[in-house]
Amino acid sequence: MHEPEIWRNGEFVRHEDATVHVLSHALHYGTSVFEGIRCYKTEKGSAVFRLREHTQRLIDSGKIYRMPSPYSLEELEQAMLDTISNSGLAECYIRPLLFRGEGPMGVNPLESKIETVIAVWEWGAYLGPEALENGVDVQVASWTRMAPNTFPSMAKAGGNYLNAGLVKMDAVLNGFSEGIMLSSDGYVAEGSGENLFMVKDGEIYTAPTSLCILPGITRNSIIHIARDMGISVHEVNILHEALYICDELFFTGTAAEVTPIRTVDHHVIGDGSRGPVTKKLQDAFFDIIEKGNDPYGWLTPVPVATPVG
Ligand code: PPE
């Protein structure tokens, strides 16, 4: 099976030809910004979930790092749809990336060429095949999320994932699926690649973006869905120990979707399985991405998704 072609600076290149020079700025100094987006095979056809919001966040991430996208919002959206169609995949994960390529060595990125690439691949359940139903075991990480005025947390930048990678490696080596980071002042922030929600007495709590979490698009979607169900959602500082005594916990993210958490630091959450509020929100989310019901206008149909083969 051959890998889907990669869109690079306006044209398709074969997967094996999509290489970079070893002196690319991004490789030495982490100067890249990216997105993770999913295209779903809904009952009404293939469609991308919240394409506009993800593309805008990519452009914003680039702007924060003075790495202006060489392509407009509309051009990037079209390029992503083209890359999906060209791949023949009816369902995939989409990874657009802007990075500083060749140019002078040294910290200053301004003279290095800005490259744009888009790759797509099949990506199943992020935290394991059983995770969506049974939940995952997690630990509170010893590495904290960045503090304000260190790295811009609103930018989804490659370099941020050095911190996330430390969290994830520790979790996996300790036998957990994921780590939860606290903020620089000790409040609950998020997972290495997911936002976090807590349920207590029928209400929902999640960290405010001022704690330097990534303002997740799935997080935003779940807040909308929950409020429309009449569930109160509070964006507030959550204490570490509140995690141990809450009723339900779950992660949200493009890759992770809505994944329940069954234990934190070996403390069993609720009855140790997916809780009722989590299930209700998951069902509403899956109704959109599986059935293609789209009350919020979050789906962008992909014109031609031909079967692989
Ligand atoms: N926080 C972090 C740190 C994060 O990386 C993600 C996405 C989220 C929250 C959720 O954001 P959103 O996808 O907009 O709901 N993480 C991406 C990368 C995962 C990876 O391993 O690569 C993703 O889910 O696509």
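When a ligand or atom number is given, it counts from 1 through the structure's own listing order. In this chain, numbering begins with 1 at the start of the sequence shown.
- Here the protein heavy atom with the shortest distance to atom 15 (O) of ligand 1 is Thr218 OG1, 2.5 Å.
- Under the 3.5 Å distance criterion, the side-chain polar atoms of Asp294 are left unmatched by any main-chain donor or acceptor of Ile288.
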Is there a side chain to side chain donor-acceptor pair (under 3.5 Å) between Glu178 and Ser192? Walk through the geometry before answering.
CA-CA 7 Å; Glu178 185 55 286; Ser192 75; 2.8 Å; yes
Worked verdict on Phe251 versus Ile180 for side-chain contact (heavy atoms from CB on, under 4.5 Å):
CA-CA 10 Å; Phe251 283 130; Ile180 294 174; 4.1 Å; yes
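- Heavy-atom contacts of Glu190 reach the following atoms of ligand 1: 1 (N), 2 (C), 3 (C), 9 (C) (cutoff under 4.0 Å).
- Looking only at distances, no side-chain donor or acceptor of His25 sits under 3.5 Å from a matching main-chain atom of Pro104.
- Atoms of ligand 1 found under 4.0 Å from any heavy atom of Arg95 (numbered from 1 in listed order, with element): 22 (O).
- Per-residue contacts place Tyr93 under 4.0 angstrom from the following atoms of ligand 1 (heavy atoms of the residue considered): 17 (C), 18 (C), 23 (C), 25 (O).
- Taking a cut-off of under 4.0 Å to the non-hydrogen atoms of Gly216, the atoms of ligand 1 that pass are 11 (O), 12 (P), 14 (O), 15 (O).
- Which parts of ligand 1 touch Ala255 is read off a 4.0 Å heavy-atom cut-off, strictly below it: atoms 23 (C), 24 (O), 25 (O).
- Within ligand 1, the atoms closer than 4.0 Å to a non-hydrogen atom of Ile217 are 12 (P), 14 (O), 15 (O), numbered from 1 in the order shown.
- Of all the heavy atoms of Glu35, none lies under 4.0 Å from any atom of ligand 1, so neither backbone nor side chain is involved.
- The closest heavy-atom contact to atom 3 (C) of ligand 1, among the options Ala164, Ser192, Ser221, Gly165, comes from Ser192.
- Salt-bridge annotation for Glu235 and Arg219: present, with a side-chain N of the basic residue lying under 4.0 Å from a carboxylate O of the acidic one.
- Those atoms of ligand 1 that come under 4.0 Å of a heavy atom in Gly36, given as number and element, are 25 (O).
- Residue contacts with ligand 1, taken as heavy atom pairs separated by less than 4.0 Å, do not involve Arg38 at all.
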